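In what follows, a single structure is set out as structure tokens and then discussed.
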Amino acid sequence: MRWDIFCKVIDNHGDVGVCWRLACGLAAAGDTVRLWIDDPSALAWMAPQGHPGVRVVAWTAAGAAQEAAAAPRPDVLIEAFGCDPAPDLVARFAQPAPPGAARRVWLNLEYLSAEPYVERLHGLPSPVFKGPGAGLTKHFFYPGFTPSTGGLLREADVPSRRARFDRAAWLARQNIPWNGERLVCLFCYEPPALDALLTRLEHAGEPTRLLVTAGRASQALPPGPAQRGALSITWLPYFTQDDFDHLLWACDLNFVRGEDSLVRALWAGAPFVWQIYAQDDDAHHSKLDAFLDWLGAPPELRRLHHIWNGMAAGELPEFGPAALARWQAAVAAARDRLLRQDGLLGRLRQFVAQKS
């Protein structure tokens, strides 16, 4: 099959990350994918080697018109997060299919949420009444955490690769010093409790090495020395998607942000704290609580999420070995539930087959 995926970069690389993983998953099964991105610059470090079967197209008005005229029409058009695909390609996509050909499918890949509305809206049609796609029907495709949603992106070999992972060897290859101390990954926006976290780690009863990711996390970190009491800090370069996974696998506690890294933290199986993307109307508060309900987060982990996301004030809860063990048990149980379900790619193919 031929797939066109449209991605409009808003910020923070999460939209690119989701779309790139989706494109690679489809291509790995033998399909042909064009990934249209208005700003593909992040792929230079996220996926420098590219992927067989995936062609990245710089999404410009002139380029879209030329590409739409020259290349075959896709079988499936995916607009990621309601980004409005190029009109020239939509017009070509809307042309009648040859007799006997499968019906083309247009999907709106939505944002991830554990809220109840996801199950109600997943798969619903949305007729197009105007523009070059008038007369066609889009369908909403919602990623989610239950069998009644679109599932989560997951490569088939993630569990086996995770089981074979050698933490010490990977850290050595990255020139990350490690002498057995607790490892914490910091991948965040600008959390209001960042200073409190650093203070807690600096005065903790056990040594901790904080691995700070490049970009906004590094910029948010207050200036200071690399050694602060019990806390050692290592600033990281930008990682490929594979090595970002390895980073999460290597750490004892992961602070993650946005959508893509939340899913990768679940597959990692280590305790994590999620900084959700903030919305002006505070709609992210309900979204975070719905996820914590699904996760079965222990009370102190729920409180840490609330403080980390600016939803509550007060001191950060303790997270010594006993707390991390409780949190890991919750994450491991959630991951096991997910691994018993089909992933997003399988559900996507099944959905497309039903609509074709």
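Because the structure is predicted, anything quoted here is derived from the model rather than measured.
With sequence neighbours excluded, no residue satisfies ring-ring contact (aromatic ring centres under 6.0 Å, His included) with H51. Under the salt bridge (charged side-chain N to carboxylate O under 4.0 Å, His left out) criterion, E315 pairs with no residue at all, not counting sequence neighbours. With sequence neighbours excluded, no residue forms a salt bridge (charged side-chain N to carboxylate O under 4.0 Å, His left out) with R103. Residues that satisfy the salt bridge (charged side-chain N to carboxylate O under 4.0 Å, His left out) test with E202, not counting sequence neighbours, are absent from this structure. Every side-chain contact (heavy atoms from CB on, under 4.5 Å) that P177 has, sequence neighbours left out, goes to R209, T234. For Q354, the side-chain contact (heavy atoms from CB on, under 4.5 Å) partners two or more places apart in sequence, or in a different chain, are Q350, F351. Qualifying ring-ring contact (aromatic ring centres under 6.0 Å, His included) partners for W106, counting only residues two or more places apart in sequence or in other chains: none. With sequence neighbours excluded, no residue forms a salt bridge (charged side-chain N to carboxylate O under 4.0 Å, His left out) with D84.
The side-chain tip of R337 points at the ring of W294 from less than 6.0 angstrom away and within 45° of straight on. Taking the ring centre of F93 as origin, the terminal cationic atom of R73 falls outside the region bounded by 6.0 Å and 45° from the ring axis.
L35 is connected to L348 through a chain of hydrophobic side-chain contacts under 4.5 Å among Ile, Leu, Val, Met, Phe, Trp and Tyr, so both are in one cluster. The hydrophobic clustering, which links ILVMFWY residues whose side-chain heavy atoms are closer than 4.5 Å, places I276 and V118 apart. Residues W308 and L211 share a hydrophobic cluster, clusters being chains of Ile/Leu/Val/Met/Phe/Trp/Tyr side chains in contact below 4.5 Å. The hydrophobic clustering, which links ILVMFWY residues whose side-chain heavy atoms are closer than 4.5 Å, places L253 and L292 together.
Between V263 and V18, the closest side-chain pair of non-hydrogen atoms is not below 4.5 Å. You'll find the side chain of F81 stays beyond 4.5 Å of the side chain of N108, heavy atoms only. The shortest distance between side-chain heavy atoms of I176 and L183 does not fall below 4.5 Å. Put simply, the side chain of P74 does not reach to within 4.5 Å of the side chain of T32, judged on heavy atoms. Looking at heavy atoms from C-beta onward, L198 lies in side-chain contact with P222 at the 4.5 angstrom threshold. Looking at L152 and L112, their side chains come closer than 4.5 Å, going by heavy atoms from C-beta outward. Contact check for H284 versus D282: side-chain heavy atoms found under the 4.5 Å cut-off.
No donor-acceptor pair under 3.5 Å is formed between the side chain of Q275 and the backbone N or O of G258. Between the side chain of W178 and the backbone N or O of E181, at least one donor-acceptor pair lies under 3.5 Å. For Q341 (side chain) and F145 (main-chain N/O), a donor-acceptor pair under 3.5 Å exists by modelled atom type.
Heavy atoms of other residues, nucleotides or ligands lying less than 6.0 angstrom from CD of Q49 number 12 at most. Within a 6.0 Å radius of CG in D281, other residues, nucleotides and ligands contribute more than 12 heavy atoms.
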Quiz prompt | Test ring pair (Phe, Tyr, Trp, His ring centres under 6.0 Å) applied to F141 and H122, step by step | solution = CA-CA 5 Å; F141 196 92; H122 174 62; 4.8 Å; yes
Quiz item: Do K8 and D15 pass the salt bridge (charged side-chain N to carboxylate O under 4.0 Å, His left out) test, and can you show the C-alpha distance, the side-chain angles, and the key distance before you say yes or no?
Solution: CA-CA 8 Å; K8 186 169 291 184; D15 33 29; over 6 Å; no
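To the nearest 0.5 Å, atom CD of residue E110 and atom OH of residue Y142 are 4.0 Å apart. The distance from atom CZ of F6 to atom CG of L109, rounded to the nearest 0.5 Å, is 14.0 Å. Taken from CE in M1 to CZ in R104, the straight-line distance is 10.5 Å, to the nearest 0.5 Å. Note that CG of L231 is 4.5 Å distant from CD1 of I233, once rounded to the nearest 0.5 Å. The structure places CZ of F239 at 11.0 Å from CH2 of W45, a figure rounded to the nearest 0.5 Å. Expressed to the nearest 0.5 Å, how far CZ of F291 lies from CG of D293 amounts to 10.5 Å.
In summary, the aromatic rings of W274 and F255 are positioned with their centroids too far apart to meet the 6.0 Å limit.
Contact check on R21 versus D260 returns a salt bridge, with a Lys/Arg side-chain nitrogen under 4.0 Å from an Asp/Glu carboxylate oxygen. Here R34 pairs with D4 in a salt bridge; the nearest charged N to carboxylate O distance falls below 4.0 Å. The pair E115-K287 does not count as a salt bridge, with every side-chain nitrogen at least 4.0 angstrom from each carboxylate oxygen.
Apart from F129 itself, the hydrophobic cluster it occupies contains nothing, where clustering links Ile, Leu, Val, Met, Phe, Trp and Tyr at side-chain heavy-atom distances under 4.5 Å.
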Name the atoms and distances for all side-chain donor-acceptor pairs under 3.5 Å in residues 316-324, with sequence neighbours left out.
none

Expected list for residues 167-175: side-chain donor-acceptor pairs under 3.5 angstrom, two or more places apart:
| residue | atom | partner | partner atom | Å |
| --- | --- | --- | --- | --- |
| R167 | NH1 | A250 | O | 2.7 |
| R167 | NH1 | D252 | OD1 | 3.3 |
| W170 | NE1 | D243 | OD1 | 2.8 |
| W170 | NE1 | H246 | ND1 | 3.4 |

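For residues 264-274, the set of pairs meeting the salt bridge (Lys or Arg N to Asp or Glu O under 4.0 Å) definition, not counting sequence neighbours, comprises E155-R264, D245-R264.
Between the side chains of Q227 and S232, at least one donor N or O lies within less than 3.5 Å of an accepting N or O. For S41 and D39, the side-chain atoms include at least one donor-acceptor pair closer than 3.5 Å.
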